[in-house]
Amino acid sequence: MLDIKYIIANKELVRDGLAKKGYEKIINIDELEQLYLNINKLKTSSQSMSEEKNKLSNSIKSASNEERPAIIAKSKAIGEELKKELEELDKLQAEFDLMMLKMPNMPSPESPVGPDDSANVVRRKVGTPRAFDFEPKDHVELMEMNDWSEMERIAKVSGSRTYAIKNELARLELAMHMLVLDKLTANGFTTITVPSISKEKPLYGQGYLPFSRDEIYYLPQDDIYLSGTAELILNSLRADEILNENELPILYAGFSPCFRREAGAAGKDTRGLTRVHQFMKTEQFVICKNDIAESEKWHQKLLAISEEVLQDLELPYQVLEVCTGDMGAPKYRQYDLEAWVPTQNCYRETHSCSNITEWQARRTNLRYRDNADGKVKYVHTLNNTGIATPRVLVPFLENHQQADGTVRIPEKLQPYMMGKKFIGKNAK
RNA sequence: GGAUAGAUGGCCGAGUGGUCGAAGGCGCACGAUUGGAAAUCGUGUGUACCCCCAAAGGGUACCGAGGGUUCGAAUCCCUCUCUAUCCGCCA
C-alpha cells in the first residue's frame, strides 16, 4: 500500500510508476484523489455532527425535566442524519480501500523498465556450465536408476504435481535445509518454524490478495488458506505492533511446507521435481528501519547469502535483475537467482529476492518508533528464498551426476550427509 | 464436537449506562535531591484521522473484532476471533 498523501503530492511520479509496472489501466489516480477528497468532506461534516450530538447527550444529565425531552428529540434527529452520512462514508471508504489495495508499490529507479520477463537483465553469471564427456541424464532418469523416487505411484495417491523421494535423496533434501539454516543462524537470523495455514487477512497483508486468488488453496469448511510461503506468515507475525527501533532489524529464517495450486502453469514443467503443489522452503525474511539505504543494504545482503548457498552447492548460476513489468505488485526491487540445468540447456529459478520497502508494512500496520525523531514509522520488509526443495534438486542432481549415475556431494554439504562424497547405487 | 470462564493502555489491574482516553500500581522519559548511586519527590507518558497554508489550537474514533439497543455504551444484547479449564474425539 502507498500513502495517499504521497500519491496526491506526486501524481506524475506515481503515474510513471504505474505505467512501468503495467497498472496504468487498472488504477485511475484522478478518480482515487476525488474519492479521497469526497471522503474527507464527509468526514468533516459527520464529525461536526458527532460533536454536536455528544454535547447534547452530555447536557442531558444536568438538564431539568422540562428541557430534557426537547434535547433528546434534537439529539435523536441529528443521530438520524448522521447515520445516513456514515452509511455513505462507509460506502466510499470501502471503494477507496479496495483501490488502495490494488495500488502496486513504486519500482526502484535502478530496476530495468519493461513489460515482461523479456526485459529482465542478467547482472552476472557465476560458475561455468559443466562440459560433459558423456550424455547427461535428466533428474528424473537419475532418480529412477538410483531408486530415489516414487513419482508414478505417488501421482496415483496424491495426484499430479506431487512428489515422493526416498533413500539418500530424501536425506539430501533435508540436509540442504539444515545447511541453509546453519548459514542463516551464523548471519544472526532467528530460526522459526511456522504453520502452513493462514487466515485471509495475512494474504492481503502480504499483497497476494486481491491479486491472485486462483493460486491459493482454500479450505471452505474451516475458512482457512494454505500458505504458499513462510513470507506470508512472517509478514503478519508482528502485525499491528509498534516496535522499538532497538529491536530492528528482525531477521527470520522461516521453515515451512508450502502449497501452491499452480493454476496458471498448466502444461508447464509437468515432469519431475520442478513445479509441484507442495514443497519445503526455508525463507529469509527481514524487518528493518524505514530507510531506503538501509533496506537496499539488506537486499544486497540477502542476495549475497543465497548466492553463497548456490556456491556451497557448487551450482553455476546467474543473477537476474527483474524488470518493472515482471516483478509483481508488492515489490520495489527484485533479483532472481537461476541455476544451470544441463538437460534443459538453460538457467532455472531457484531464489527470488525482493525489497518490499514499506508497502507490506502499511498493509499489516507494522511500525516502529524512530529513536532519532521519536516518530512512529512503517518498517521496511524484505524476503528471499533460503532454499526451496525439491526444485533445487533438479540442477543439483544434473550438474553433479557422474557417468555411472552416481551424484557427487559438494564438500560444504558432506557434513550434513554423514560425510558421503557420492550417493547412488554405484557409489562406494 | 459439548460445557464453563475470560479478553481494558508497554505491563499488572479498577471500572456494570452519563465530563472514562479510561482510577491505582509498575515500567519508561525528563527534572529535583545526592560527591555518585539507590531510595524519595515532582512532571510527563497511546494510536489513527479530520479542520487549519503551517504552528498553535479545536474536533472525531478506538477498552479483542464486527453489528445492535439507547439522547448517551468499556459497561446491556447478538455474531465472530482468540485464551484457559473440563468432557468427548484423536486415522
Side-chain angles (χ1 to χ4, degrees), chain A residues 1-10 32-101 157-158 194-195 197-205 218-225 233 236-248 250 287 290 358-379:
Chain A
M1 209 140 66
L2 297 182
D3 181 358
I4 183 63
K5 287 178 176 165
Y6 173 85
I7 294 172
I8 288 172
N10 301 277
L32 188 67
E33 182 184 22
Q34 196 52 52
L35 202 47
Y36 177 70
L37 294 176
N38 290 344
I39 285 170
N40 278 357
K41 244 181 254 171
L42 262 180
K43 266 187 193 164
T44 307
S45 79
S46 68
Q47 285 183 5
S48 68
M49 280 164 75
S50 290
E51 182 183 356
E52 194 182 350
K53 190 161 169 286
N54 287 345
K55 279 181 182 156
L56 287 171
S57 291
N58 288 334
S59 72
I60 284 175
K61 200 185 171 194
S62 55
S64 68
N65 286 339
E66 294 81 66
E67 44 193 21
R68 194 164 289 160
I71 299 173
I72 289 176
K74 190 169 180 200
S75 178
K76 218 170 179 171
I78 293 172
E80 297 291 320
E81 218 180 315
L82 180 61
K83 201 175 170 185
K84 276 184 216 152
E85 283 215 356
L86 289 180
E87 274 167 15
E88 176 67 13
L89 185 59
D90 277 354
K91 214 183 87 193
L92 294 184
Q93 190 71 53
E95 212 179 307
F96 176 78
D97 290 346
L98 185 61
M99 280 174 92
M100 289 298 282
L101 283 173
V157 177
S158 303
V194 295
I197 58 180
S198 173
K199 296 184 180 187
E200 190 176 65
K201 203 173 171 192
L203 285 155
Y204 282 97
Y218 173 62
L219 280 48
Q221 193 175 12
D222 298 295
D223 190 24
I224 209 86
Y225 296 81
I233 309 298
S236 279
L237 193 61
R238 310 297 294 267
D240 297 314
E241 292 186 33
I242 298 176
L243 304 168
N244 187 315
E245 188 188 317
N246 302 334
E247 294 177 69
L248 302 177
I250 295 173
I287 300 171
N290 190 320
E358 61 175 44
W359 192 87
Q360 284 179 332
R362 283 187 172 272
R363 294 177 162 236
T364 55
N365 195 29
L366 175 54
R367 296 165 295 170
Y368 71 103
R369 194 176 296 280
D370 193 293
N371 285 339
D373 56 17
K375 289 203 170 123
V376 174
K377 296 175 182 171
Y378 290 99
V379 299

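The figures that follow rest on heavy atoms only: side chains count, while hydrogens, waters and symmetry mates do not. In the text below, chain A, chain B and the rest are named by the order of the sequence lines, each starting its count at 1.
No side-chain donor-acceptor contact under 3.5 Å links A/Arg238 to the backbone of A/Thr364. Side-chain atoms of A/Asp370 never come within 3.5 Å of backbone atoms of A/Lys375 as a donor-acceptor pair (strictly under, hydrogens ignored). A/Glu245 places a side-chain N or O within donor-acceptor distance of the main-chain N or O of A/Asn371, the cut-off being under 3.5 Å. Here the side chain of A/Ser75 pairs no donor or acceptor atom with the backbone of A/Ile71 at under 3.5 angstrom. At distances below 3.5 Å, at least one donor-acceptor pair connects side-chain atoms of A/Arg369 with backbone N or O atoms of A/Gly374. Of the possible donor and acceptor atoms, one in the side chain of A/Tyr368 sits under 3.5 Å from a partner among the backbone N and O of A/Asn290. Panel note: side chain A/Ser46, backbone A/Lys43; a donor-acceptor pair is recorded below 3.5 Å.
For the pair A/Asp97 CG and B/A48 P, the interatomic distance rounds to 17 Å; values are reported in whole Å.
Closest approach to the A/Tyr36 side chain among B/C50, B/C82, B/C71 is made by B/C50 (side chain taken as heavy atoms from C-beta onward). You'll find that the side chain of A/Asn54 is closest to B/A61, out of B/U47, B/A61, B/C71.
Under the 6.0 Å distance and 45° angle rule, A/Arg362 does not count as a cation-pi partner of A/Trp359.
Contact annotation for A/Arg367: backbone-only contact, meaning every heavy-atom pair under 4.0 Å involves sugar-phosphate atoms and none involves a base. Heavy atoms of A/Lys53 sit under 4.0 angstrom from primed sugar atoms or phosphate atoms, though from no base atom. Using a 4.0 Å heavy-atom distance criterion, A/Ile71 is classed as making no nucleic acid contact. A/Ser75 comes within 4.0 angstrom of sugar-phosphate atoms only, judged by non-hydrogen atoms across all strands, and of no base.
Scanning residues 40-52 of chain A for heavy-atom distances under 4.0 Å to RNA chain B yields A/Asn40, A/Lys43, A/Thr44, A/Gln47, A/Ser50, A/Glu51.
A salt bridge links A/Glu51 to A/Lys55: at least one charged side-chain nitrogen sits closer than 4.0 Å to a carboxylate oxygen.
Side-chain N/O atoms of A/Lys5 include one lying less than 4.0 angstrom from OP1 or OP2 on B/C50. The phosphate of B/G46 (OP1 or OP2) has no side-chain N or O of A/Arg369 nearer than 4.0 angstrom.
Both A/Ala73 and A/Lys199 lie near RNA chain B, and the one whose nearest nucleotide falls closer to the 5' end is A/Ala73. Remark on RNA chain B: of its neighbouring residues A/Ile242 and A/Ile60, the 5'-side contact belongs to A/Ile242, judged by nearest-heavy-atom nucleotide.
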Nucleotide pairing, RNA chain B (Watson-Crick or G-U, distances under 3.5 Å), in dot-bracket with [ ] and |:
((((((((.[[[..)..(.....]]]((((((.......))))))((((((.....)))))).[[[[[..)....]]]]])))))))....
